[in-house]
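Taking it in order: structure first as structure tokens, then the write-up.
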Protein chains: 2
Amino acid sequence: MLERSDLAIAREAVLFASLPEDLADSILNRATTRSYRRGETVFLQGDPAESIFVVLNGWVKLFRLTSTGAEAVVGVFTKGRSFGEAVAFAGGAYPVSAEAVTDARLLHVRASILSNMMSDRPEIAKAILSSAFRHLHGLVAQLEQLKAHTGAQRVAEFLLELCERGSGSCTITLPYDKTLIAGRLGMQPQSLSRAFNRLEAQGVKISHNQAMIADIERLREYMLQDRSAPWRKAE
Amino acid sequence: MLERSDLAIAREAVLFASLPEDLADSILNRATTRSYRRGETVFLQGDPAESIFVVLNGWVKLFRLTSTGAEAVVGVFTKGRSFGEAVAFAGGAYPVSAEAVTDARLLHVRASILSNMMSDRPEIAKAILSSAFRHLHGLVAQLEQLKAHTGAQRVAEFLLELCERGSGSCTITLPYDKTLIAGRLGMQPQSLSRAFNRLEAQGVKISHNQAMIADIERLREYMLQDRSAPWRKAE
DNA sequence: GTTTCCGCTTCACCAAAGTCAAGAAATCGG
DNA sequence: CCGATTTCTTGACTTTGGTGAAGCGGAAAC
């Protein structure tokens, strides 16, 4: 049912990584996959939560629609990341909507299956809690970012997360379009453009969807700066 | 060990509410309580997470300290609310710090106890997941607030959450000091003051730690307004 | 009672970012 | 290859909210 490569990706996911192989496989055997087109909805906020999802490829965004139609992006996930764990067990409705932002393939795991297996194998509960914790941690980090960093600093942080290396220079490909990056960072696309300009002073060059960072350490220092630190003027 | 009134509060908490009474009690029998003075630290971000906490009375804030010493408040909890569920099982370190903001009493439940019991009684896992989901939902709501609402709107939302009634007028007591309210809403105390002033136009009066809302519906409408809606000028 | 301290508010100023609008650049369909 | 749509950037303007300083008032301490 699942292709070999799908299995490999799913097993790497936090959700399954800590489980013994036999257990992971017996869950994965009962899971299904589905492809989504760019822009297609996976679920809407308010839908009854019955499944847990694991991204096999492509990108999926989770977002909240406000009463007035504005959207607040809450997470953007790619290969190996799961979502929906906690809510599917709390038996409620999804508090966010999910949409494929590129063509994507997702693994669906019905919560009821896991729920049944959980009685025999309590490790499952811990695996799910680990995933849930990861989400909590991610949200807390986002809150901190929003409350304590300027737009340009958030952009710097975003770029640094994409860097493999810890120092020196590096070139990265922006993983999805700038409109979405702006949403993820809680700003308007216009402000993202301006933030990129501002980062030029820190040795960052953007062209098309490539970002070149001249000095990772320098950028990291910029990102960590106190908000009220214009002593050293915008260079 | 636990007083009768403590038991009653703990049983109401999301964490225990869904559990059969015998199970809840056997957990609570193995839990301890402790009192904290105003300002006392419960744990620090980075501490190994061994316990889950339930607030019995008083108020506790969860916050993150940035590298530069700024703090970002991530939650403020009172009677019946629990925290630390997910992380205690993921076996990691607390990603936030916790501090009593008033004199407070907390129930401590060692994660290892729950962990052991979980094998026999899988309902426990679901109770914990429900609590974790509640936190997730709360954080998502905060993100939406920050990204989509102005300061004054966030204050309005905060006040409305404290209202029991759904319409008409109401008077509420601010549950903790304004500095903390400002932190919880992601703004400076000065900005909170200004926001209160702005809300006067919406029929909100603040004196000392009392807030009088003349018309709940009106305030709710104000809070729901699109950010880009100054067509009807700031009245 | 008076002093001190703390929490809160107000003011003036400024930087950050949203809004509106126009234009450039890239992408896609024919 | 060309036109049309979408995405991105830029500019001018406005609003929001942060910053620092000053002032007010209440509560606890002397």
Side-chain angles (χ1 to χ4, degrees), chain A residues 37-39 66 68 70-72 101-103 145-156 173-183 185-201 204-211 222 225-235, chain B residues 38-39 66 68-72 101-102 145-156 174-183 185-201 204-211 222 225-235:
Chain A
R37 296 265 190 77
R38 175 192 157 104
T66 67
T68 55
E71 82 171 40
V101 292
T102 63
D103 289 352
Q145 267 198 337
L146 275 175
K147 287 185 175 174
H149 293 325
T150 67
Q153 284 176 310
R154 299 200 297 272
V155 174
T173 302
L174 301 179
Y176 35 83
D177 76 31
K178 298 187 186 176
T179 310
L180 180 55
I181 295 176
L185 298 176
M187 59 178 95
Q188 300 300 316
Q190 294 96 313
S191 299
L192 179 65
S193 267
R194 286 190 271 250
F196 278 143
N197 289 338
R198 202 170 302 193
L199 288 182
E200 270 175 34
V204 176
K205 278 222 168 30
I206 306 285
S207 59
H208 310 282
N209 60 347
Q210 298 280 310
Y222 173 82
Q225 252 175 44
D226 198 301
R227 199 165 196 173
S228 57
W231 317 300
R232 184 201 287 150
K233 268 286 182 199
E235 318 164 49
Chain B
R38 175 191 158 103
T66 66
T68 57
E71 81 171 41
V101 291
T102 63
Q145 266 197 338
L146 275 175
K147 287 184 174 174
H149 294 325
T150 68
Q153 284 175 311
R154 299 201 296 274
V155 174
L174 301 179
Y176 36 83
D177 75 30
K178 297 186 187 175
T179 309
L180 181 55
I181 295 176
L185 298 175
M187 58 178 95
Q188 301 300 314
Q190 295 97 314
S191 299
L192 180 64
S193 268
R194 285 192 279 240
F196 279 143
N197 290 337
R198 204 171 299 193
L199 288 182
E200 270 176 32
V204 177
K205 277 221 168 32
I206 307 287
S207 57
H208 310 283
N209 60 347
Q210 299 280 312
Y222 173 81
Q225 252 175 45
D226 198 302
R227 196 162 198 176
S228 56
W231 319 300
R232 183 203 289 150
K233 267 286 181 200
E235 314 163 53

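Quick note on labels: first sequence line is chain A, next is B, and so on, each numbered from 1.
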Quiz prompt | Among Thr150(A), Val155(A), Leu146(A), the one residue meeting side-chain contact (heavy atoms from CB on, under 4.5 Å) with Met187(A) | solution = Val155(A)
Return the nearest nucleotide to the side chain of [X]; candidates are [options].
X         : options                   : result
Arg194(A) : dG18(C), dT10(C), dT19(D) : dG18(C)
Gln188(A) : dT19(C), dC8(C), dT9(D)   : dT19(C)
Ser191(B) : dT9(C), dG18(D), dT16(D)  : dG18(D)
Met187(B) : dG18(D), dT9(D), dG7(C)   : dG18(D)
Thr179(B) : dC8(C), dG7(C), dG18(D)   : dC8(C)

Does [X] put a side-chain nitrogen or oxygen below 4.0 Å from OP1 or OP2 of [N]?
X         : N       : result
Asn197(A) : dT10(D) : yes
Thr150(A) : dA16(C) : no
Gln190(B) : dC8(C)  : no

Check the distance between [N]'s [atom2] and [X]'s [atom1] and give it to me in whole angstrom.
X         : N       : atom1 : atom2 : answer
Gln145(A) : dA17(C) : CD    : P     : 13 Å
Gln225(A) : dA15(C) : CD    : P     : 15 Å
Lys178(B) : dT10(C) : NZ    : P     : 9 Å
Leu146(B) : dT16(D) : CG    : C1'   : 14 Å
Ile206(A) : dA25(C) : CD1   : P     : 17 Å
Asn209(A) : dT27(C) : CG    : C1'   : 13 Å
Phe196(A) : dT9(D)  : CZ    : C1'   : 12 Å
Leu180(B) : dG7(C)  : CG    : P     : 12 Å

Inter-residue atom distance [X].[atom1] - [Y].[atom2], 0.5 Å rounding:
X         : Y         : atom1 : atom2 : answer
Leu174(A) : Gln210(A) : CG    : CD    : 7.5 Å
Tyr222(A) : Arg198(A) : OH    : CZ    : 6.0 Å
His208(A) : Lys178(A) : NE2   : NZ    : 9.0 Å

Quiz item: Starting at the 5' end of DNA chain C and moving along, which residue's nearest nucleotide shows up first, His208(A) or Arg154(A)?
Solution: Arg154(A)
Quiz item: Between Ala148(A) and Thr66(B), which heavy-atom pair has the shortest distance, and what is it?
Solution: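 What the structure gives for the nearest pair is CB-CG2, 3.8 Å.
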